[in-house]
Every structure is written in structure tokens, then in C-alpha cells.
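Here the structure is a predicted model, which is why all the values come from computation and not from measurement. Nothing fancy with the numbering, it's 1 onward along the sequence.
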Amino acid sequence: MLSTREKYYQMLEKEFSTKEAVMTELINLEAIMHLPKGTELYISDIHGEFTAFDHILRTGAGNIKEKISLLFGDRLTEHEKDKLTILVAYPREALEDKVFYDYRDRSWYRKKIRQLLELLAFCSTKYTRSKVRKALPKQYMYIIEELMYTDTNYSDKAAYFDQILAHLLDLEQGRPFIIALCQSIQRLVVDHLHVVGDIYDRGPEADKIMDKLCQHPSVDIQWGNHDILWMGAYAGSRACLMTLLRIAARYNYLYEIEQAYALNLRPLFMYAEEHYQKNPIFTPKEKSSSESYSIESLDSLEKVHQALSIIQFKLEGQLIKRHPDFQMEDRLLLEKIDFDKETIQLAGKEYPLQGSCFQTLQKDVHKLTEQEEYVVDTLLTSFQQSAKMQEHMQLLLDKGSMYLVYNQHLLFHGCLPLKADGSFLPLNVDGKDYGGKDLLNFFEEQIRSGCQSQTKDSSAADWIWYCWTGKVSPQFGKSAMTTFERYFIADKKTHKEIKNPYYQFRDTHETCQMILEEFALYSPNSRIINGHTPVKVKSGESPIKGEGMLFVIDGGLSKAYQKTTGIAGYSLLNNSYGFQLVTHDPFESVENLLAKQADETSLKRVIDKDLKRILIKDTTVGDSLEEQIENLTGLLNYQDKNDNTGNISD
């Protein structure tokens with residue numbers, strides 16, 4: 001009877017049928033283990049700002065410019081380096097701009113292709129030929145490899161190189177070949193991308209970001225609170241759906257969502273037109289004048305904004321009532337309204353209401369009208385059945401998680417809720433406490449379960465909503481979400497959302513150490529990477545917390561936060577020598593970049609100094625390769641054993 005291990009070796013033998021094949025693969029894996037680790041890019045809180053996100057990816061968060069400077073040194077002027085950086089990042093646009101490169105003859109193409117080939121070879125030094133080949137466009141793969149690896153110091157090889165290049169230009173392939181080289185460099189300059197949450201919200205082009213991530217060769221995602229809101233809607237939470245649509249109406253990108261995901265919003269607009277009037281409290285946030293909608297469209301959005309808000313508050317009330325374990329009875333605000341006086345009682349104090357639009361409330365204030373039920377269910381069906389939505393939500397499930405341990409670093413978007421004494425704050429569910437790592441695991445289980453079943457207002461879908469807004473949610477991290485108060489009460493004291501103690505304790509080395517140990521991370525070089533809370537650079541706040549053990553990389557990529565932060569976001573690079581923090585200035589446009597002929601939108605700050613260079617064997621990928629090496633070594637011994645008994649032959 002064969003053991004489980006022997007059965008596994010027999011399966012493995014189908015791929016490596018001879019000892020020579022096994023040994024070749026072992027040599028290959030051992031060699032890979034001793035290559036320097038690839039560069040990782042961490043980014044968070046993209047909030048639908050596709051253009052700024054795309055710019056960071058295209059430039060490798062400034063890494064392309066650094067590679068060009070290191071490679072060419074004083075062989076190129078600073079202006080030439082700037083132009084080459086922009087060409088690599090935006091090859092189509094740069095080649096189409098008649099001012100950026102005003103004269104392009106055959107000699108120019110030869111020179112530029114040689115520069116790009118040299119840069120491509122420089123960027124590929126940390127990779128195997130096999131990995132580089134995968135980054136090359138199929139139509140030019142053979143030509144690029146031949147030109148990259150041809151030693152032109154030998155006259156025969158130089159002639160061979162020149163002939164390939166000449167024939168390429170004879171066939172008028174210079175322009176597409178340059179574009180292909182630039183795109184290959186973009187792919188190689190960053191080996192792996194970490195998105196530390198909040199792809200959605202505020203900006204209008206989250207769908208384009210998701211499309212880009214669907215095509216990315218190596219990415220992981222740690223779910224942010226806004227990502228979870230969308231996943232909750234996909235799972236069947238009607239409260240989550242109404243919330244994300246309300247936010248879209250508030251920030252004036254509801255029409256973009258409708259178009260991107262082919263949502264059926266017609267019943268919603270018809271219902272809002274029938275039941276709501278103009279109300280300045282619900283006027284959508286303005287876009288720039290060039291993007292503004294017509295007055296009629298803005299009036300419609302204002303009415304829809306009211307309808308979505310009231311339906312959201314009703315559904316949230318229903319949800320809180322069916323879940324006493326959420327302990328959110330204080331958020332049943334519709335029950336606290338005196339409709340005759342148009343006031344509300346909060347914490348023993350009476351406040352006047354502004355912008356009241358409660359005409360669809362019934363005796364049971366949380367009950368939807370028949371029309372509202374129809375609108376909500378139509379929207380949910382449209383949302384769940386959208387082909388693009390299904391593709392994007394599946395990406396979040398396949399590549400995403402509540403947290404990730406990668407290369408001995410801990411990544412999560414929000415917080416780990418703490419008590420006032422700094423210990424983990426537990427969430428009690430059916431008599432069991434979940435805190436720290438267990439809390440993240442609990443919510444991940446609910447999210448995956450809800451998205452798999454897609455049942456309207458299931459228990460799992462309700463827990464996803466709690467993850468969006470609950471007091472013990474690692475994605476929210478505040479005492480309450482005061483959306484109702486911000487709309488209807490002028491007194492800003494009622495708008496306050498008290499942050500969980502985590503946000504004070506994360507400044508301490510002891511708390512960061514406690515959190516890392518909770519995830520079995522004991523290396524002195526381990527770090528925590530967060531997003532979620534914009535770093536107020538203008539006020540002197542630092543993104544580096546816990547005596548260098550924690551990074552907060554939400555620096556304001558979203559335009560909505562840039563007045564507060566003073567910058568346009570942080571990203572984080574981690575190469576084989578350690579971390580570099582990158583500060584980004586607001587990105588205006590590609591046209592502006594081409595006109596200035598310089599990219600000065602990032603500033604690097606080296607965090608780690610004098611660290612031992614990290615090899616692939618020291619990484620998460622190395623752990624996987626080590627397992628493969630152990631299995632292949634076992635297979636080799638298994639083959640030797642069977643050779644000695646005469647059971648198999650080569």
C-alpha cells in the first residue's frame with residue numbers, strides 16, 4: 001500500500017519524469033533563491049482616483065527615474081533623464097506630442113531604442129530570463145531578447161545587432177517597438193503590488209482601477225472599509241448598497257457608476273422625482289466646471305440623494321433591530337425625531353433639524369414603502385447581476401483579504417480595536433469573544449460566506465455592514481458613524497466620531513510589538529503597514545509611527561482629502577535594501593507633464609539604512625520555493641530508491 005507521500009511523488013513525477021529533470025529544476029530553484037528580492041510597491045486609499053493611481057504605477061513611484069539616474073549618470077543631462085522618464089511612463093503620449101520630441105529621424109530611433117534596451121537590461125538584472133521573458137510583449141519577444149543579450153563588443157555581433165535594428169526600422173516598427181520596450185520596463189521596475197485598501201469611494205473611476213488590477217501580473221489587496229461596503233452590497237446587504245449609492249450621489253459620481261457597471265437606476269430616479277423636492281442640504285459636491293452636469297441633472301441628483309439617504313436610514317434601523325448583539329440601539333435615530341417640532345433628542349438634549357425630508361416615513365419609521373421595496377430590490381438585482389461587477393468583486397475575493405503577512409511584514413487597512421488600557425477589544429458573537437487576529441479572521445469568514453451565497457440581508461451580509469460601521473469593526477475604528485447628524489443637525493458637536501484607542505497606542509513601540517507578536521512576527525525588521533486615516537502633513541503629522549515600526553500610507557491620494565493633508569498621498573517601496581517612503585504631489589495631467597518635460601511629483605525618504613541585502617530565500621516567495629525544493633529532493637530520493645529495487649527506469 002502506497003503512503004500519501006509516495007502518491008504525491010508519483011503525481012510530481014508526471015512533471016519531472018527523469019532524475020535529470022528533477023536535478024535541473026533543483027539547480028534552477030536554488031539559483032533563484034539567491035537572487036535579490038524584487039521591489040514591492042505599497043499603495044492605499046486610492047478612492048477612485050484612477051489618473052493619479054495610474055501615474056504612480058507607470059513611474060514605479062519614482063523608481064523609473066531613479067533607475068535612469070543610476071544607469072546613465074552623467075552620460076545624460078538632467079533634462080534628458082527627465083524626458084526619458086516621461087517617455088518610459090507615457091510612451092504613446094510622448095511619441096504623439098510633436099513638441100516633446102520635435103524631430104525624430106532614423107538616427108533618433110536607433111539612439112532611443114539603444115537607450116531603452118540598456119535600461120530594460122538594467123531593470124531585469126534581479127530576474128531570471130524566464131521571468132523577464134514573461135514581461136515582454138509576445139510580438140517582439142524574440143527580437144527584444146536577441147538585442148538585449150547580444151554583446152556588441154564583438155564586431156560580428158555588433159553587425160548582427162545593427163542588422164536587426166535596421167530591418168525593424170525598414171518595416172516602420174520603430175514607434176510600436178519603443179512603446180513595447182517602455183511597457184516592459186514599467187512591468188519590471190516593480191515586481192509586486194500591495195493595495196492596502198479603499199479602491200472605491202470619492203473619485204469617479206474606481207472601475208478603471210479595478211480593470212487595471214485585473215490585468216496586473218502580481219498583486220494583493222487588503223480590503224478597506226469602502227471595498228467592504230461594495231462587497232457587502234454584492235453579498236446582498238441592502239443597507240450597504242444604499243450607502244454606497246448615497247455616497248456616489250453626494251460626491252457626484254452616481255452617473256459614472258451607472259455607466260461603468262450598467263446599473264438600472266431608472267426606478268430610483270423616477271421614485272425620487274415623485275417624492276422629493278429640491279433641498280440644498282443634499283446638493284451634490286461640485287466637480288470642476290469642465291465636468292459639471294446640467295442644472296436638470298444636478299436637481300435630479302439632489303432628489304435621488306435624499307431618497308437614498310432616507311432608505312439607508314430605514315434599512316439600518318431594521319438591521320440594528322434584528323441584531324441586538326450589535327449593541328447599536330443608540331443609532332436608531334429616526335425613532336428619536338419629533339416630527340411636529342422638527343427636532344431630535346440626542347443624549348438628553350434637543351436639537352433642531354435642518355433640511356428635513358421625512359415625508360415617506362410611516363408609523364413604523366423603519367419600514368420601507370412598497371415603492372421603496374421595489375426600488376431597492378431592483379437595484380440589488382442589477383448590482384449583483386452586472387457582469388463587470390461580478391468580475392471586480394471576484395478579483396477582490398481572489399486577491400484580497402482582511403490582512404496579509406508578507407515577507408515578515410503585516411498589512412491591514414484600518415486598525416485592530418483596542419481597549420482604553422491598550423489590550424485587544426473583543427467582539428462578542430454568540431457567547432464567543434473575537435479580538436486581535438481572531439477578529440480579522442471572523443470578518444473575513446463573514447465576507448467570503450456572504451459573497452458566496454449572495455442572499456438578501458443574510459446574517460453574513462449584516463455582519464459585513466457592521467464591519468463598515470460598527471464600534472468594534474477593524475475597518476471603521478470609531479465610536480459611531482454620524483452621517484445622520486451631519487445632514488440634519490447644524491451643531492458640529494454632534495458630528496464628532498471618537499477614534500478607537502488604537503490610533504493613540506499605535507504611536508508606541510510596545511503596542512506595535514504586541515500586534516506583530518499576535519501574528520507570530522518576531523523579527524526586529526518586521527513592520528506594520530496601514531492606510532485608512534489621512535496623514536495631516538500640513539499639521540506636522542508623520543506617517544511613521546511606533547518608533548519606526550508602523551507606516552500609515554494614506555497621505556491624500558483622493559482630491560477630497562488634499563486640503564487637509566497638503567500632499568497627494570504616500571506610497572511605500574521595499575527593495576532588497578529596505579523601505580523607502582515616497583511622498584507624492586498632486587498629479588495634474590499628462591498634458592501638463594509633457595509641457596513641463598519634467599516629473600517632480602515624488603520625493604523619496606530612505607527608512608532603512610545599512611541593512612543586509614534581502615534575497616528571495618528570505619521572503620514569502622522563498623518559503624514557497626523552499627517547499628518545492630524539499631519536495632523535489634524527496635522525489636529524487638524516491639526515484640533513487642525505486643531504481644535500486646528495479647521498479648522504475650529512466
Side-chain angles (χ1 to χ4, degrees), residues 15-16 21 24-43 54 56-61 63-64 67 71 87-89 91-92 113 115-150 164 168 173 176-195 210-221 391 394-395 398-399 406-407 573-576 614-629 631-632:
E15 185 176 356
F16 303 100
T24 298
E25 184 64 10
L26 279 170
I27 292 168
N28 178 48
L29 292 176
E30 285 287 359
I32 292 172
M33 293 278 273
H34 289 82
L35 285 171
K37 72 172 281 296
T39 298
E40 301 162 62
L41 171 61
Y42 302 76
I43 188 170
D54 186 47
I56 291 173
L57 288 194
R58 285 172 177 268
T59 60
N63 217 21
I64 287 175
K67 295 283 188 187
L71 173 62
L87 174 64
V88 173
R92 294 183 190 278
I113 288 171
Q115 286 178 346
L116 291 170
L117 284 168
E118 189 178 354
L119 179 59
L120 179 60
F122 184 65
C123 292
S124 66
T125 54
K126 291 194 291 187
Y127 306 122
T128 63
R129 280 201 182 190
S130 174
K131 185 161 186 171
V132 173
R133 188 176 297 119
K134 291 175 183 176
L136 303 179
K138 289 182 180 178
Q139 69 271 33
Y140 294 119
M141 185 188 301
Y142 169 77
I143 297 173
I144 292 174
E145 283 195 308
E146 286 296 298
L147 293 174
M148 271 181 68
Y149 300 122
T150 296
I164 293 176
L168 189 75
Q173 291 297 296
F177 191 65
I178 283 177
I179 292 171
L181 287 172
C182 291
Q183 291 173 342
S184 299
I185 293 166
Q186 287 180 32
R187 282 192 285 271
L188 288 173
V189 78
V190 170
D191 185 46
H192 186 80
L193 174 65
H194 304 282
V195 180
M210 291 298 293
D211 285 341
K212 186 115 182 172
L213 293 177
C214 284
Q215 301 301 318
H216 201 282
S218 186
V219 62
D220 58 64
I221 302 166
E391 179 187 10
Q394 194 59 51
L395 177 76
D398 291 344
K399 300 293 185 179
Y406 194 94
N407 291 349
L573 288 167
N574 182 236
N575 58 28
S576 57
I614 303 168
L615 305 180
I616 288 177
K617 67 185 182 69
D618 306 313
T619 68
T620 299
V621 171
D623 293 339
S624 175
L625 296 180
E626 184 62 45
E627 185 178 352
Q628 292 179 48
I629 289 170
N631 290 333
L632 288 169

Determine yes or no for a side-chain-to-main-chain donor-acceptor pair under 3.5 angstrom, with [X] supplying the side chain and [Y] the backbone.
X: H34; Y: E30; answer: yes
X: N28; Y: T24; answer: no
X: D618; Y: L615; answer: yes
X: N407; Y: T620; answer: yes

Checklist line | Candidates L188, I143, I144 - the one meeting side-chain contact (heavy atoms from CB on, under 4.5 Å) with L136 | finding: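 With L136 as partner, side-chain contact (heavy atoms from CB on, under 4.5 Å) holds for just one option, I144.
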
Determine whether [X] and [Y] make a side-chain contact, defined as any pair of heavy atoms from C-beta on separated by less than 4.5 Å.
X: Y127; Y: L35; result: no
X: T59; Y: V88; result: no
X: L41; Y: I56; result: yes
X: Q173; Y: P176; result: yes

Note to self: Working note: F177 + L147, criterion side chain to side chain contact (heavy atoms under 4.5 Å, CB included); need CA distance, chi angles, decisive distance, verdict.
What the structure shows: CA-CA 12 Å; F177 191 65; L147 293 174; 3.9 Å; yes

Next item on the list: Could you give me the CA-CA distance, side-chain angles and deciding distance for S218 and L193, then say whether side chain to side chain contact (heavy atoms under 4.5 Å, CB included) is met?
Entry: CA-CA 6 Å; S218 186; L193 174 65; over 6 Å; no

Show the nearest heavy-atom pair for residues [X] and [Y], with the distance to one decimal.
X: V219; Y: K399; result: O-CD, 3.5 Å
X: R92; Y: Q183; result: NH2-NE2, 4.1 Å
X: L116; Y: I178; result: CD1-CG2, 3.7 Å
X: K126; Y: P36; result: CD-CB, 3.7 Å
X: Q186; Y: P91; result: NE2-CD, 4.0 Å
X: S184; Y: A135; result: OG-O, 3.5 Å

Item checked: Y406: ring pair (Phe, Tyr, Trp, His ring centres under 6.0 Å) partners, not counting sequence neighbours -> H192, H194

Next item on the list: List in chain and number order the residues that pass salt bridge (Lys or Arg N to Asp or Glu O under 4.0 Å) with R133, two or more places apart in sequence or in another chain; answer none if no residue qualifies.
Entry: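 Partners of R133 by the salt bridge (Lys or Arg N to Asp or Glu O under 4.0 Å) criterion, ordered by chain and then number, come out as E145.
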
Checklist line | Residues which pass salt bridge (Lys or Arg N to Asp or Glu O under 4.0 Å) with R187, listed by chain and number, not counting sequence neighbours | finding: none

Atom [atom1] of [X] and atom [atom2] of [Y]: how far apart are they, to the nearest 0.5 Å?
X: L573; Y: N63; atom1: CG; atom2: CG; result: 5.0 Å
X: I185; Y: C123; atom1: CD1; atom2: SG; result: 6.0 Å
X: I164; Y: E146; atom1: CD1; atom2: CD; result: 5.5 Å
X: I629; Y: K617; atom1: CD1; atom2: NZ; result: 11.0 Å
X: I616; Y: T128; atom1: CD1; atom2: OG1; result: 8.0 Å
X: R129; Y: S124; atom1: CZ; atom2: OG; result: 9.5 Å

Next item on the list: Scan side-chain atoms only and decide if D191 and T39 contain a donor-acceptor pair under the 3.5 Å cut-off.
Entry: no

